[in-house]
Amino acid sequence: MRKRIVLPALAALALAGCGSTGEGGGAANDVTPANAADAEANATGNAAGGENALAAVLGMSDRQRNVVFIRALLDAGIDCQSVVSSERLPDQDGKPLWRANCSDKRSHMISVTPDGTANIVSRTDR
């Protein structure tokens with residue numbers, strides 16, 4: 001089974017799990033009606049600005065990359081409660097490739113293109 005998912009707000013997604021706080025004690029990444037429009041405009045601007053999503057993924061920590069991979073898997077409709085680890089594999093067709101290991105012991109192969117498309121290959125016979 002092969003699925004393609006576009007991740008337009010890749011960097012924002014990876015940072016969504018960070019626990020920094022802003023003024024007033026609330027989390028800086030809380031989405032309220034006041035800042036929801038700003039967040040959407042920023043995500044749209046990033047996608048239109050030609051930001052290289054692949055470079056962002058390559059520069060992420062393991063934890064940040066696993067957050068991006070779980071989001072890609074969930075967006076693809078693949079059941080995975082959490083990505084417990086990911087490992088870089090040899091490039092395939094000139095594109096970086098990772099194995100994302102879910103908590104249920106299933107693994108999925110994920111490659112990300114510069115435009116933010118995540119290509120996922122899963123085995124359904126195991």
| request: State the CZ-OG distance between Phe69 and Ser85, to the nearest 0.5 angstrom. | output: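 Rounded to the nearest 0.5 Å, the CZ-OG separation comes out at 11.0 Å.
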| Spacing of Arg88 atom CZ and Asp62 atom CG [to the nearest 0.5 Å] |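 Going from CZ on Arg88 over to CG on Asp62, the span is 12.0 Å.
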| task | Please assess Val83 against His108 for the test side-chain contact (heavy atoms from CB on, under 4.5 Å), listing each intermediate value before the final yes or no. | result | CA-CA 10 Å; Val83 173; His108 309 278; over 6 Å; no
What pair of heavy atoms forms the shortest contact from [X] to [Y], and how long is it?
X: Asn119; Y: Thr113; answer: ND2-CG2, 3.8 Å
X: Asn66; Y: Ser86; answer: OD1-OG, 2.6 Å
X: Thr117; Y: Asp115; answer: OG1-OD1, 2.9 Å

| query | Is a side-chain N or O of Asp93 found less than 3.5 angstrom from the main chain of Lys95, in a donor-acceptor match? | reply |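 Flag not set: sc Asp93 to bb Lys95 has no pair under 3.5 Å.
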| query | So, does Arg106 use its side chain to make a donor-acceptor pair with the main chain of Ser122 at under 3.5 Å? | reply |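 A pair under 3.5 Å: no.
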Compare all side-chain heavy atoms of [X] with those of [Y] and state whether any distance is below 4.5 angstrom.
X: Arg65; Y: Ile110; result: no
X: Pro96; Y: Val112; result: no
X: Leu97; Y: Met109; result: yes

Do you reckon [X] sits in the same ILVMFWY cluster as [Y], going by side-chain contacts under 4.5 Å, direct or chained?
X: Leu74; Y: Trp98; answer: yes
X: Leu89; Y: Val121; answer: yes
X: Val68; Y: Val84; answer: no

